[in-house]
Amino acid sequence: MDEFLGIVGLFAFAIMAGALCGIIAIAQLSNLKQEIAQLKAKVLSLELANNAQSHNEGADKSTDCSTAQHSDTAQANSNKATFNQVSLNQPNQPHGQEKTATSAIKSSASVSVSKHKQSSKNLKPTLVTSLFKKLRSDFEQNWMTWIGAVALALGGIFLAKYSLEAGLLSVAMRLTLGGLFGGGLIATAAYMHYKNSVFEGFNNYIPAALASGGFITCFALTLLAYSSYSMISPLTAFVVLGIIAISASAMAIMLGPVLAVLGIIGAYCVPVLVNTGSNNLFALYMYIGFISLSAALVAHKVQRAWLWYLLWAGHLGWYIVGFTIANSSTIWLMGTYGLLSVIGLIAVPRLGLKLAMVETRPHSLKRLINVLPSHPLMLACITPLLLAMLFDSDNYLQWKIINALSILTLLFLVLKNSRWDLWQGAALITAALILLSTPSYYIDFSDSLFIFKHPYGGALFLGLALSAYGLYFGIKWAPKRLAFHITASFSIFIIIATLYAIIPNHALTTAYPLWAVILLISSAILIKCAMSGVTLFQRFTYWVGANANITLAITMLLNDSGLTIALAIQVLLISVLIKRYRVPMPHWPIKALVAALLLRLTLAPWTPSYDALTIFNLHWSIIVYPLCTALFLAAAKCFQTSQLKIWLEGAALHCLALFITTETSYQLVGHYPKFGSLSFYEQALLTCNWLALGCVYLHRARIAGSLAKLYQVAGIALASAAGITTLSTLLNANPFLNSIYIGEYSVFNWLFLLWLVPAGLVLWLYTLIKPLYTKAAPFILTVAGVLSVFAINGFIRQFWLGPYIYLSKGVSNAELYSYSIIWLLLGAGTVILGHLKKQLLIQKIGLGILAAVIVKVFLVDMANLTGLLKALSFIGLGLSLVGLSWLFQKLRSHANQA
């Protein structure tokens, strides 16, 4: 019984939700009507007063009081009451004055109505913002009505429950009385609607509330008879509940959307509430189809958008549920249901039962994308069929035929409404998925004629058919509907490219001659169409399609990197065509192609199939990355005054970055960087590469326009990665701490790449970061100084010790003194440079170096001195520091005077 009451509570909640939606719409309309009536009455009364004063200048004071009384009364009543009061209080008005007053009334009424219409338009935002307040106020006015309706329904249920517990009546009698009670409520509601009873302006509210209580009572009693008493069979309960739900929906045409909500929700919930146990999917879909048809008629009559949402949710929800209980014998039923759903939910409401053509004019891409709800409904109907084909390989042929029929359905509907032109793209994607989902055991590659058999032969036929479809209807029917020309240009390309992706390498030699001939013939046809094209976009599309086919034909002669080169060539060709024909093409298709190509280039070094790939006996990255860089730069020159130029130059820069990062590592260690196990030499190279690229990105951010933020993020990310690598080297692979071979030459050894080059790059990074992040600039400058110190000291130690400079080998006196001499020269040079450049910071750095050298000389170099010499050394240290301080003050004063 608790479950039963829970179900009743859900229905009551659905009724309340629908009621609130109806209240919003009706209350707004009623308030507007009342405001118009009050404004009319006020304007009419004022106009009558002015007319009376103009025609009766000698009227007495009582007449004025009467007019004022009429004005006050008119402000509180409707138009009809105003007219009655005017006629009763002025019975002796002359005929001419009455006629004049009448004309004045009409003119003033028309003016007031037009003004109020204009004011109502201006008040729309205010009404939207005060929606919650109006909802609350309307609920406060009518809450008793709806609570009373729910109470009536619950009263009938509790009466039946009480009679059951007390044993007053037999089961059949209790159910009969309950049914009579529910039927009485429905009959009362129909009678009140027939008599057109009005209750405070909401003539449908109380009848709808009574009818809702009656239908809920009937629903509950039927479920009670089925679940608690077992008086009726599941099939009988199913039919009775369906009849009740449909009756509620039908009555909703008279009483409004509240009953429509009850009927639609109740009808779709019947299979859940009553399980016949037969698992008859055909009967279920027949029932759902009938309910959807009935709900569509009700929603069309009631004119509420949210009723359509309920219809779509219920219809498509059971469609999805059907896939969970479907088997091999119901595949055709699922396909039929899905395709009929496309026709019934999308085509019929917009094209009519005869599916007549409604629109053929072309539309912009923005308008084609924003076609709601057609696009989501189409995807909801077609996508489950595609997923079933992809995951149910045992019944692949059946799903393939069903999806082929879905392609025909979509292409047929495109001819009926040009707003659905994008469905040609859905048809192409479906065709490609049909090929990709083909199980390998269907194909016998040992047979040289496999290219003419399933699925390869069928795929070629489908590609040719789609191309012919686009050509015929694009040229004959709609020259300006670009979707047809895109279908004609790229259908064969997409189909053969898909076949090329799934065919084994050993079978490509058999298929290539036929595919190449088809691609070249298609290119010739497209070039011919481009020469005779009507519109600029038509010609451009055919040119691009022809180039794509030729590029694919060339690509199939090459290997994996050949496809990459072919795509890059395609970017250049499209750019050249845009420049040559001055096509105002949107940039996003080219950007999407470049982004896909960059993703392929980025992932290629770590893709197993590229490990041993060569081109002309050279490793592929030596050819591909520089060539793609050159192609992107050439394409960028075609867009001199466009943001696309910056995008293509960025792509070229990314290719260059990939080339430097990967090829240097490959030439050094024989493989691409493995970031989990980098060697000392790879770390040194990657540090230089990433720092250089980060600085280049940050430098380019200054002229990148809208892409500046992207370049800044990329530059900082690369610099951070270089910093992490440098820190890892200092801790884990430091030549001062570990026995690491750094080279035989004095300067041009691995220390040059490990510390000196990064120091210079970090100094460049400092100049780039300082305008952006002022607080981080001193830290970056400090890092540059630390790296410089490591580099210089490393060079000095390598000069004395050779290729191994780890500290445990000890330090000779000659090496110790050389540090002092070299750093003394560097410090002095730095001070002089800062003075010449008039840079106080450089001067401070130089003086700091000199001070450090002096401290080292007196504390380290002279550490073995004793007695007088030691005392003199400390005296000399103090004098030197004082002298340096004086020199610093002198330089600063000169700088201030300058």
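All of these numbers come straight from a predicted model, not from anything done at the bench. The first residue of the sequence shown is numbered 1, and numbering continues consecutively from there. Side-chain atoms are counted along with the backbone in the values below, which use heavy atoms only and exclude waters and symmetry mates.
- Atom CZ of residue Arg539 and atom SG of residue Cys529 lie 13.0 Å apart, to the nearest 0.5 angstrom.
- Residues Ser418 and Leu368 share a closest heavy-atom pair of O-CD2, 3.4 Å.
- In terms of modelled atom types and a separation under 3.5 Å, the side chain of Thr330 and the main chain of Asn327 share a donor-acceptor contact.
- Residues Arg481 and Asp421 share a closest heavy-atom pair of NH2-OD1, 2.5 Å.
- Between Gln570 and Val544, the closest heavy-atom pair is NE2-O, 3.4 Å.
- Residue Leu428 holds its CG atom at 15.5 Å from CH2 of Trp423, rounded to the nearest 0.5 Å.
- Across every non-hydrogen atom of Tyr396 and Ile434, the tightest pair is OH-O, 3.0 Å.
- In terms of the ring-ring contact (aromatic ring centres under 6.0 Å, His included) criterion, Phe632 has no residue partners (sequence neighbours excluded).
- Listed by chain and number, the residues in a ring-ring contact (aromatic ring centres under 6.0 Å, His included) with His363 amount to none (sequence neighbours excluded).
- Under the 30°/60° scheme for interplanar angles, the aromatic rings of Trp312 and Tyr309 are found to be tilted.
- For Ser522 (side chain) and Ile518 (main-chain N/O), no donor-acceptor pair under 3.5 Å exists by modelled atom type.
- Listed by chain and residue number, His315 satisfy the side-chain hydrogen bond (donor to acceptor under 3.5 Å, both in side chains) test with Tyr337 (two or more places apart in sequence, or in another chain).
- The closest donor-acceptor contact from the side chain of Thr661 to the backbone of Leu658 lies at 3.5 Å or more, if one exists at all.
- Atom OH in Tyr666 sits 10.5 Å away from atom CH2 in Trp620 (nearest 0.5 Å).
- Between Arg419 and His375, the closest heavy-atom pair is O-CE1, 4.1 Å.
- Checking side-chain atoms of Asn370 against main-chain N and O of Lys366 turns up a donor-acceptor pair under 3.5 Å.
- Pairs passing the side-chain hydrogen bond (donor to acceptor under 3.5 Å, both in side chains) check and including a residue from residues 400-412, sequence neighbours excluded, read Lys400-His454.
- With rounding to the nearest 0.5 angstrom, the CD1 atom of Ile492 is 11.0 Å from the CG atom of Leu552.
- Under a 3.5 Å cut-off, the side chain of Ser489 and the backbone N or O of Ile486 do not form any donor-acceptor pair.
- Taking the six-membered ring for Trp and thresholds of 30 and 60 degrees, His485 and Tyr542 have ring planes more than 60 degrees apart, a perpendicular arrangement.
- Aromatic ring orientation, Tyr625 versus Phe659: perpendicular (interplanar angle above 60°, classes split at 30° and 60°).
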Exercise. Between Leu466 and Ile494, does a side-chain contact (heavy atoms from CB on, under 4.5 Å) hold up when you go through it step by step?
Worked result: CA-CA 11 Å; Leu466 289 171; Ile494 291 175; over 6 Å; no
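- At distances below 3.5 Å, not a single donor-acceptor pair connects side-chain atoms of Ser467 with backbone N or O atoms of Ser491.
- By the neighbour-count criterion of 12 heavy atoms within 6.0 Å, atom CG of Leu353 is sparsely surrounded, having that number or fewer from other residues, nucleotides or ligands.
- For the pair Leu499 and Leu435, the tightest heavy-atom approach, listed with the atom from each and the gap, is CD2-CD1, 4.0 Å.
- Once rounded to the nearest 0.5 Å, the distance linking CZ of Phe493 with OG of Ser523 reads 10.0 Å.
- Here the straight-line distance linking atom CG of Leu422 with atom CG of Leu410 works out to 11.5 Å at 0.5 Å rounding.
- You'll find the side chain of Trp515 reaches within 4.5 Å of the side chain of Leu460, heavy atoms only.
- With sequence neighbours excluded, no residue forms a salt bridge (charged side-chain N to carboxylate O under 4.0 Å, His left out) with Lys528.
- Partners of Thr662 according to the side-chain hydrogen bond (donor to acceptor under 3.5 Å, both in side chains) rule, which considers only residues two or more places apart in sequence or in another chain, do not exist here.
- Using a 4.5 Å heavy-atom cutoff, the side chains of Tyr469 and Val414 are in contact.
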